[in-house]
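Okay, structure first, notes after.
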Amino acid sequence: MTTALLVLAGLGFAALLYAGRGYWAWVSALGLVLAAWGQAGVQSPTAFMTTAVAAVIAALVFGVPALRRPLISAPVMGLVRSFLPSIGDTERIALEAGTVWWDGDLFSGNPDWRKLLDFTPQALSERERAFLDGPVEDLCRMLDDWQVNQDRDLSPEVWDFLKRQRFFGMIVPEEYGGLGFSAIGHSAVVVKISSRSVTAAVTVMVPNSLGPAELLLHYGTDEQKKYYLPRLARGEEVPCFALTEPHAGSDAASTRSSGVVCRGTYEGRQVLGIRLNWNKRYITLAPVATVIGLAFRMFDPDGLLGGEEDLGITCALIPRDVPGINIGDRHDPMGVPFQNGPITGTDVFVPVDFVIGGQDGVGQGWKMLMDSLAAGRSISLPSLSVAAVELAARATGAYATVREQFNLPIGRFEGVEEALTRIAGHAYLMNAARVLTCAAVDAGEKPAVLSAVVKAYLTEGMRKSVIDAMDIMAGAAICSGPRNILSRVYVSAPIGITVEGANILTRSLIIFGQGSIRCHPFVHDEMQAVADNDLRGFDMAFFGHVGFVFSNAIRSLALALTGGRLAPVPPGGPMAGYFRALTRYSAAFALITDVALATLGGALKRREKISGRLADALAWLYLASATLKRFHDDGRPAGDVALLRWSCDLALWNIQEALRGVVDNLPNRPAAAMARFLVFPLGAHRRPPADELGAEVARCLLDGNEARLRLSADIYVPDATEDGLGRLDAALDLIVGAKDGFAKVTDAVRAGTLEREPRDTLIDRAAAQGVINGEERNRLDAAEAARDDVIQVDSFDPETYTGLKG
Ligand SMILES: Cc1cc2nc3c(=O)[nH]c(=O)nc-3n(C[C@H](O)[C@H](O)[C@H](O)COP(=O)(O)OP(=O)(O)OC[C@H]3O[C@@H](n4cnc5c(N)ncnc54)[C@H](O)[C@@H]3O)c2cc1C
């Protein structure tokens, strides 16, 4: 009888934990202890009384807040205080920046899939569509990337067109004369231009990303907005934003640039101003900029502003022609000729009014930068990365069908197929993540953590996919010239990896570091309570946290044992299994996050191999979520099931390996053993996407399959007469159109009716022997001529060659 009660109580305890009522489960566990010892007490009434009293006292201490706070929470709070890493002001601002969105669900261990599916992304407006079909198409037609590279700059016509059509004012609202585009509209423009010319894309991206316009919009005074925003929108001002220095790269807050408050003369007027000295490098658009957004540390040694001496990081807008500025030299980033260079300033004097936000903005620079980072980081490099992978998908799909070796299109070889699979899969999942993240920005979010995820993982996906594409196109991708469409994308991949937060830093330090504080349901409240010495707040957060850990522990175990079947997920056809698996891994991720936080505490900040793996798990949870959302929003097309499955299988494999890596390497081995038991009770059995599935995915790109067009729908495709992608696409059409004729010739060779010989004479003989008719022969001739054309590469006479640049 007592045993039955105990089993029932145990089940109730587990159910409470599973339902997320961890704290109550935990308190009721004391009841269990009472019952268990009560059973023992049947034999020994004294033992029963002692344990009953102990359990009642414990229940009171833990269950009554007025007792719990001083007796339990206060000492724990002291312990946590000693445990917490020291966090400086700039770090704290960075950690707390932005908003929490789907990342919060993933950290909760119990993502609400219905909420994700019901979320409606903002669609492109009529005006945005018209801009894409009009000025953006026109711009792409004007751009000759090979020539841009030779000229080491965009042509004057292109510069003029960009300014006139307000490409530099996509984020500036219409009331200030800008285009006022949504995030998805802005991103669509960047994708299309990037697929045509990285130089042009970077030129357009920078004024629309973190810089003068973005900062003015949120923090500028009315006067600053009225003066600068229309001029920026019309391209009358070309902005750059200067943060990086020789000694302040990733650690940008350690800037040595200084501004000292003093009185001086500006344009003949005596004003209160700032005397600036700086040495910046790597600044995009600097050589041609007319206004410099400058980040520096501001000091007021004479107390002219009436506050402290060290006022902190500040951002100001400095016109280029103020005396003391040295600007115009160029760096050469991988030979990609967008404008980029150093700027120095020596005793540059400007009025205090030039600080963004005026005097109110003094010392607010770091906060402004961190709060505004998410929008641009969600858009610029993710869009450029998607353009690269879509271009890779479109080009390699065509090339692997057109190019033959060993008498077969190279796409038929499994080795090539593997690379094609990765390109197609990444094109699908990366675009899904781009669209979802833009949708979050359009919904008003500032997704600090997710923008770091898409920045790091999409640029990495781009690098991998472009390397795959280079391998497939081999010599044709290596020899530079107007026909080569991949080499410039290939050399620019490291630029995307490095800028806007270099990827190693972003993965190892920022994503999980910021996520675990910003997105975790309790950690931020706990830290805040410790900082404010708020015992009541700490007590609530801490015991909420304890319940959360217990709940995730039991859920991880239960979901692992049942293959996620206990997770309530929306009906989803081919998606349902993935919802369940991801719910399981979300619970596991949340649990392992807490185990790592609890056992490593402040040391976790230095254990970047652990936090990097946790970042991988979070990132792939997000990428898989985005893929499911895309499949759902696209109307669950049967033609995309293989792409969905491949993307999700890859994501789940990566999540498993990341979590396994954490468990394998956690220094506290008993805690690691417990985590392993709860997360992988039956072992880690998930495998990467199967070969068969990969073959299905690769076929999306081959033989003129229409999925190739869908996977590359966002890029610019030149007309059929243009070297490079235009002619390659046209050749593919001709070869696919001649497939019946090719099949007849191949069948005849197999049957021995035709002798095997080179293709040109083979077609002659096939026509002569009546294997193909006249019309088929014409098609085969045209297809062969096109094939012969598109496999050629450029060569240059010695004189031209020695004059080539880049
Ligand atoms: C082409 C180009 C354009 C740019 N445009 C601009 C611009 O317009 N404005 C501007 O202000 N800046 C710009 N930058 C600067 C860019 O943002 C920096 O290059 C970047 O922040 C990295 O700084 P760094 O190159 O000095 O590398 P470093 O800071 O020296 O880093 C070197 C390596 O160490 C890693 N690392 C550093 N710290 C850590 C850590 N704590 N944990 C783990 N890994 C770490 C980094 O990830 C990187 O892999 C540009 C750079 C380039 C190359």
Side-chain angles (χ1 to χ4, degrees), residues 85 87-88 90-91 94-95 168 198-199 201-215 238-257 278-289 291-296 313 315-316 318 327 329-345 365-366 368-370 372-373 376-377 380-381 384 452 455-456 459-460 463 488 491-514 604-615:
I87 296 183
T90 47
E91 205 179 345
L95 287 172
F168 295 161
V198 172
T199 304
V202 173
T203 306
V204 168
M205 265 153 55
V206 166
N208 289 295
S209 200
L210 182 58
E214 177 82 21
L215 293 173
V238 176
C240 68
F241 188 72
L243 178 64
T244 304
E245 302 170 9
H247 296 280
S250 300
D251 183 13
S254 67
T255 174
R256 295 184 183 183
S257 300
W278 75 81
N279 176 15
K280 301 283 185 183
R281 67 175 182 184
Y282 305 153
I283 309 306
T284 303
L285 293 188
V288 293
V291 59
I292 304 154
L294 187 78
F296 58 96
I313 294 175
C315 296
I318 318 289
I327 193 168
D329 283 0
R330 290 181 69 175
H331 296 304
D332 186 16
M334 303 293 290
V336 185
F338 57 86
Q339 297 280 343
N340 182 284
I343 327 176
T344 58
W366 193 247
M368 290 179 185
L369 293 176
M370 293 303 106
S372 311
L373 187 63
R377 193 164 61 180
S380 300
L381 292 164
L384 186 132
K455 188 274 151 179
T459 52
E460 194 54 52
R463 173 155 69 178
R488 199 118 38 254
V491 294
S492 57
I495 301 173
I497 300 285
T498 295
V499 298
E500 291 195 3
N503 278 8
I504 293 182
L505 167 97
T506 305
R507 170 182 178 265
S508 333
L509 195 71
I510 295 180
I511 293 174
F512 184 73
Q514 189 170 11
L604 185 52
K605 197 173 152 189
R606 292 187 302 279
R607 303 302 291 258
E608 292 190 349
K609 288 183 241 171
I610 301 276
S611 61
R613 289 189 181 98
L614 288 164

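For reference, positions follow the sequence shown, starting with 1. The figures here come from the full heavy-atom set of this structure, side chains too, leaving out hydrogens, waters and symmetry mates. In each ligand, atom 1 is the first atom listed, and ligand 1 is the first ligand listed. What you see is a predicted model, and the numbers here were worked out from it, not measured in a lab.
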Side chain, backbone, both or neither: [X] near ligand 1, heavy atoms under 4.0 Å:
| X | result |
| --- | --- |
| P333 | side chain |
| T244 | both |
| N340 | side chain |
| K280 | neither |

Polar contact flag for [X] and ligand 1 (N/O pairs, less than 3.5 Å):
| X | result |
| --- | --- |
| D251 | no |
| T284 | yes |
| A242 | no |
| I495 | no |
| Y282 | yes |

*Just need the protein heavy atom nearest to atom 34 (O) of ligand 1, so name the residue and atom and give the distance.*
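Result for atom 34 (O) of ligand 1: S250 OG, 4.9 Å.
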Using a 4.0 Å cut-off to any heavy atom of [X], which atoms of ligand 1 qualify?
| X | value |
| --- | --- |
| T498 | 19 (O), 20 (C) |
| F338 | 1 (C) |
| E608 | 40 (C), 41 (N), 42 (N), 43 (C) |
| I283 | 7 (C), 8 (O), 9 (N), 10 (C), 11 (O) |
| G249 | 21 (O), 23 (O), 26 (O), 29 (O) |

*Do any non-hydrogen protein atoms sit less than 4.0 Å from atom 15 (C) of ligand 1?*
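Yes, at least one protein heavy atom sits under 4.0 Å from atom 15 (C) of ligand 1.
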*Verify side chain to side chain contact (heavy atoms under 4.5 Å, CB included) between E608 and L509, making sure each step is shown before the conclusion.*
CA-CA 6 Å; E608 292 190 349; L509 195 71; 3.5 Å; yes
